[in-house]
Amino acid sequence: QVHVVESGGNLVQPGGSLRLSCSASGSVFSIYSMGWYRRGPGKQRELVGLILNNGNTNYGRFVKGRFTVSKDFTKNSVYLQMNNLSPEDTADYYCNVLVGSTLADSRVYWGQGTHVTVSS
């Protein structure tokens, strides 16, 4: 079993920054990718950003250079640096981990989420 835990959610003012962290523990023999999704009030879950084991990244269209995903797979960890936050970024942010060597043989695990509120 794999346990995924996020941290770093908080209340932040518009234009501010926040850094989220996520760590996976348990039977993590290999990581294909780690990343972040979010679900805002009344919205569907959407991709924020993810990073593969080769370092390639993929971001949601709304990110527009404001967010950066980074990894330390030696620690089974992924981070999300968010800058220039706006109220539209208010959401529950979920960490997503694909445990495996390739996409085909990976299993997906989710954290419980960490809440970000952007408000003055």
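Note that these values count all heavy atoms, side chains included, but never hydrogens, waters or copies made by symmetry. Along the sequence shown, residues carry numbers from 1.
Hydrophobic clustering (ILVMFWY, side-chain heavy atoms < 4.5 Å, transitive): V5 and V69 are in distinct clusters. V28 and Y79 are assigned to two separate hydrophobic clusters, defined by single-linkage of ILVMFWY side chains at heavy-atom distances under 4.5 Å.
At distances below 3.5 Å, at least one donor-acceptor pair connects side-chain atoms of T114 with backbone N or O atoms of G9. Under a 3.5 Å cut-off, the side chain of E6 and the backbone N or O of C95 do form a donor-acceptor pair. Under a 3.5 Å cut-off, the side chain of S30 and the backbone N or O of G100 do form a donor-acceptor pair. Judged by distance alone, with hydrogens and angles left aside, the side-chain atoms of R107 form no donor-acceptor pair with the main-chain N or O of V99 at under 3.5 Å. Panel note: side chain S77, backbone K75; a donor-acceptor pair is recorded below 3.5 Å.
The two atoms that bring S17 and N83 nearest to each other are OG-OD1, 2.9 Å, heavy atoms only. The two residues A24 and V2 come nearest to each other via the heavy atoms CB-CG1, 4.2 Å. Residues R38 and D89 approach most closely at NH1-OD1, 2.8 Å, considering heavy atoms.
P87 has its side chain within reach of P14: a pair of non-hydrogen atoms, C-beta onward, lies under 4.5 Å apart. For the pair I51/N56, no side-chain contact is recorded, criterion being any heavy-atom separation below 4.5 Å from C-beta on. Within the 4.5 Å cutoff, side-chain heavy atoms of I31 are placed close to those of N76. Contact of the L80 side chain with the Y93 side chain is registered, since non-hydrogen atoms from C-beta on lie closer than 4.5 Å.
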(request) Quick one: do M34 and K71 satisfy side-chain contact (heavy atoms from CB on, under 4.5 Å)? Show the steps, please. (result) CA-CA 8 Å; M34 293 184 77; K71 67 177 178 68; over 6 Å; no
(request) Go through the steps to decide whether Y109 and Q1 satisfy the test side-chain contact (heavy atoms from CB on, under 4.5 Å), and finish with yes or no. (result) CA-CA 9 Å; Y109 297 91; Q1 188 58 280; 3.3 Å; yes
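Side-chain heavy-atom separations under 4.5 angstrom define the hydrophobic clusters, and the remaining members of the one that includes V108 are Y32, Y37, L47, L50, L52, Y94, L98, L103, W110.
Salt-bridge check for E46 with R39: failed, with every basic side-chain N at 4.0 Å or more from each acidic carboxylate O.
Here L18 contributes atom CG and M82 contributes atom CE; the two are 4.5 Å apart, rounded to the nearest 0.5 Å.
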